[in-house]
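Heads up, the thing below is written out as structure tokens.
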Amino acid sequence: ASTPVSPPSSTQPLLCCRYYFSLQKMVSKKQKKAQESINARLALVVKSGKYTLGYKSTLKAIRNGEAKLVIISNNCPPLRKSEIEYYAILSKTGVHHYSGNNIDLGSACGRYFRCSTLSITDPGDSDIIREQ
């Protein structure tokens, strides 16, 4: 006679999930410091400089030669990302790949909406362009 197999207890998957999520959120101190640094510089640009949020306005700024630096979030669609990078190369504009997603980039700019691209036309008091 075979013995019935009991289903796994409910705590086993929970421990696996906790372990998985703890691995997902592990970020090195260097990466975290760099992220905080770019966020602080971005906040200074928002306060004292000029910038445009969004894909269309970023492309316009690049085409007009106004953009000094373009920041792209990590979850920007690949076609958009490559198009912006191509235009930036042609206009000799710097490109920074932001390590956070579009929600994080919007929050770093002090906005309550998502933003996948951002172009800085005047850095103001910030040294964000010299740093990139």
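Considering OG of Ser126 and OH of Tyr51, their distance stands at 13.0 Å, rounded to 0.5 Å. Rounding to the nearest 0.5 angstrom, the gap separating the CZ atom in Arg130 from the CZ atom in Arg41 is 9.5 Å. Atoms CD1 and CG, from Ile72 and Asn102 in turn, are 12.5 Å apart once rounded to the nearest 0.5 Å. Annotation: the span from Glu66 atom CD to Ser119 atom OG amounts to 8.5 Å, rounded to 0.5 Å. The line from OG of Ser99 to CG of Asn39 is 8.0 Å long, rounded to the nearest 0.5 Å. Going from atom CG of Leu69 over to atom CD1 of Ile129 covers 6.0 Å, rounded to the nearest 0.5 Å.
With Asn75 as the partner, the side-chain contact (heavy atoms from CB on, under 4.5 Å) test is satisfied by one option alone out of Asn101, Asp104, Leu105, Ile103: Asn101.
Listed here is the closest heavy atom pair of Asp122 and Val45: O-CG1, 4.4 Å. Listed here is the closest heavy atom pair of Ser48 and Pro123: OG-O, 4.1 Å. Across every non-hydrogen atom of Ile62 and Ser91, the tightest pair is CG2-OG, 3.4 Å. Among all heavy-atom pairs drawn from Cys76 and Lys81, the shortest one is O-CE, 3.9 Å. The shortest heavy-atom contact between Ser57 and Thr52 is OG-CB, 3.6 Å. Of all non-hydrogen atoms in Leu53 and Cys109, the two that sit nearest each other are CD2-SG, 3.9 Å.
Between Ile128 and Lys68 the shortest side-chain heavy-atom distance does not fall below 4.5 Å.
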Inset, instruction - Applying side chain to side chain contact (heavy atoms under 4.5 Å, CB included), run through Tyr87 and Thr93 and close with a yes or a no. - result: CA-CA 8 Å; Tyr87 276 113; Thr93 302; over 6 Å; no

Legend entry - side chain to side chain contact (heavy atoms under 4.5 Å, CB included) between Lys47 and Asp125, worked out: CA-CA 9 Å; Lys47 268 188 177 176; Asp125 298 332; over 6 Å; no

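Thr117 places a side-chain N or O within 3.5 Å of a backbone atom of Gly54 that can act as its donor or acceptor partner.
Note on Leu44 and Leu118: separate hydrophobic clusters, where clusters join Ile, Leu, Val, Met, Phe, Trp and Tyr whose side-chain heavy atoms are under 4.5 Å apart, directly or indirectly. Ile71 and Ile89 fall into different hydrophobic clusters, where Ile, Leu, Val, Met, Phe, Trp and Tyr residues are linked whenever their side-chain heavy atoms come under 4.5 Å apart, directly or through other members.
Taking a 4.5 Å side-chain heavy-atom cut-off between Ile, Leu, Val, Met, Phe, Trp and Tyr, the cluster of Tyr86 extends to Leu90.
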